[in-house]
Amino acid sequence: MTAPAAVRFTETDLDAIAGTAGRLAIFVTADGKLDAEGRRVNRLMRGGLMRLIEGGGLEKKKPGDLVSLGWPAGLTAEAIDVVVLPRNASVDESRRAGVALGRAKGDKALTILGGSLKRAGEVALGAVLRGYDYTVHKTGEKTEPGTITVTVRDAAEAEAGFAPARAAAEGVFLTRDLVNAPANDLTTTRFAEEIKGLADLGLKITILEEKDMAKLGMGALLSVGLGSASPSKLAVMEWQGGTKGDAPLALVGKGVVFDTGGISIKPSAGLEEMTMDMAGAGVVTGVMRTLALRKARANVVGLVGLVENMVSDRATRPGDVVTSMKGDTIEVINTDAEGRLVLADLLWYAQQTYKPRGVIDLATLTGAAIVALGHENAAALSNDDALCDAVLKAAKTEGEGLWRLPLGKGYADMMKSRIADVKNSGGRPAGTITASEFLHRFIQDDMPWVHLDIAGVASVKAETPYAPQGASGWGVMTLDRLVREMFETD
Ligand code: BES
Ligand code: MN
Ligand code: ZN
């Protein structure tokens, strides 16, 4: 797995600044105030920093923006990154400052002179998250990311405070690796092996094979993988960090390792992107890793459906009728609307088996989510305002875009089938909502449920707030925070 850069904390030492190698980050308030470390740097540079500030070099800079000075006289460092940031900057501002530092850093060592900051650890986390680089399939020499050193008033306290952030970064990096992995590398079998490896962290892992799922009557999930040489699997990750016997939160993820569309085949332009169609499962797996690493005091169960939607003589045809574990029959109008077939059985199985207190599912479910919200926001749809508001709040704090869309009977009616209980496609209008209403059928009465359609945010061609191009890991930090705020408030 791609390893996050090492982060260590040391106590502020003004006399060590002159001889520090690599890059040095210092912080200046919007009104041009330097802290003690900044003043020392300024003195070593014979007033060079004050000239930058007084000369207007930081004008029009927003919190988190930076100006880099190369090869500064009077210092061993090869660059000074001057970051504009209030001393009590918010979590998001602090992380974004770290992102700017991470971008400038490359694989160099970075020392963050953070003695006066309230959230120096968040700055380090931003730098770590932006420092991700997927090099698994690049040959040639691989460079290690340089260490990030943060100077603070109390190193032991800062180190302890950073442990959950480090766990979050580990989860995000696992998710990004899974989502970036090509489909001939990350097959259903290999994905299940990765999940089995998490048992080392204290997670209880169960894998259901095709024959197990057939016995349970999961005709919807199984219909999706019929055309693939890779066997369909259902993987369960259980974290029991809370009170024994307390109902868990269930996290459910769509894990289509590749989506050709099936017989309703997709056009070839951009088809290579469908290697990310397992992102829901990737996020669930990443969060479970984070929760286990930070020993969350909560009961959470993660369930992922691992399938491949291929074209073959055995593949499901448009017009076929399949029977779900719940018993509802589904007319497969479009074999490209496969994610909801996987989730139908996964959601039902999650509720029947684990009697959760709430269910959150994540899926790259509809192109319509991209039409509606682009790559800025994922879509949330829910039958429970309290749970949905908690997810929206967590997403806001973590700086991960999320916007709620409505559900409604009129949308559910668009999924009526002439020959079966329901059909799997309601056509183009309100595609994200009709897909959600299809899922809603498989949610038991009174079960709090939030569906997150992450089609637009899971893997993005441009940089996102915390990630370079490609897989973003969207949702790992939001769900980690949600678990903390739902279960771990005492
Ligand atoms: N995996 C796709 C959705 C998707 C599209 C994810 C683009 C990420 C980027 C999903 O399985 C799909 O094909 N959905 C169809 C549904 C339609 C046939 C009702 C879609 O959105 O076109
Ligand atoms: Mn599809
Ligand atoms: Zn899909």
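Indexing begins at 1, ligand by ligand and atom by atom, following the structure's order.
Protein heavy atoms are found less than 4.0 angstrom from atom 11 (O) of ligand 1.
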Given side-chain hydrogen bond (donor to acceptor under 3.5 Å, both in side chains), test Thr143 with Asp107 step by step and report yes or no.
-> CA-CA 7 Å; Thr143 48; Asp107 44 33; 2.9 Å; yes

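Each of Asn377, Asp385, Val391, Val450 was compared with Arg404 under the side-chain contact (heavy atoms from CB on, under 4.5 Å) criterion, and only Asp385 meets it. Each of Val359, Thr353, Leu251, Val236 was checked for a side-chain contact (heavy atoms from CB on, under 4.5 Å) with Val301, and the lone residue meeting it is Val236.
Closest N/O/S atom of Glu338 to the Zn ion (ligand 3): OE2. Counting just the N/O/S atoms of Asp277, the one with the shortest distance to the Zn ion (ligand 3) is named OD2. For Asp259, the N/O/S atom at the shortest distance from the Mn ion (ligand 2) is named OD2. The N, O or S atom of Asp259 with the smallest distance to the Zn ion (ligand 3) is OD2.
For atom 15 (C) of ligand 1, the nearest non-hydrogen atom of the protein is Asp336 O, 4.0 Å. Ranking protein heavy atoms by distance to atom 20 (C) of ligand 1, first place goes to Gly367 N, 3.8 Å. Distance from atom 1 (N) of ligand 1 to its nearest protein heavy atom, with residue and atom name: Asp277 OD1, 2.8 Å. Considering only non-hydrogen protein atoms, atom 14 (N) of ligand 1 sits nearest to Leu365 O, 3.4 Å. The shortest contact between atom 9 (C) of ligand 1 and any protein heavy atom is with Met274 CE, 3.5 Å.
Ser94 and Glu122 are not linked by any side-chain donor-acceptor pair at a separation below 3.5 angstrom, with hydrogens and angles left out of the test.
Residue contacts with ligand 1: Val256 is excluded, as none of its non-hydrogen atoms falls under 4.0 Å. Within the 4.0 Å heavy-atom cutoff, Arg340 counts among the residues contacting ligand 1.
Between Glu338 atom OE1 and Asp336 atom O, the angle centred on the Mn ion (ligand 2) amounts to 70° (nearest 10°).
Every atom of ligand 1 with a heavy atom of Asp259 under 4.0 Å away is listed here by number and element: 1 (N), 2 (C), 10 (C), 11 (O), 13 (O). Residue Lys254 has at least one heavy-atom neighbour below 4.0 Å for each of these atoms of ligand 1: 1 (N), 10 (C), 11 (O). Within the listing of ligand 1, atoms 11 (O) sit less than 4.0 angstrom from a heavy atom of Glu338.
Distances from the Mn ion (ligand 2) show that Asp277 has no N/O/S atom below 2.8 Å.
Electrostatic pairing of Arg95 and Glu398 counts as a salt bridge here, judged by a charged N lying under 4.0 Å from a carboxylate O.
For a threshold of 3.5 Å applied to N or O pairs, the pair formed by Lys266 and ligand 1 contains at least one separation below that value.
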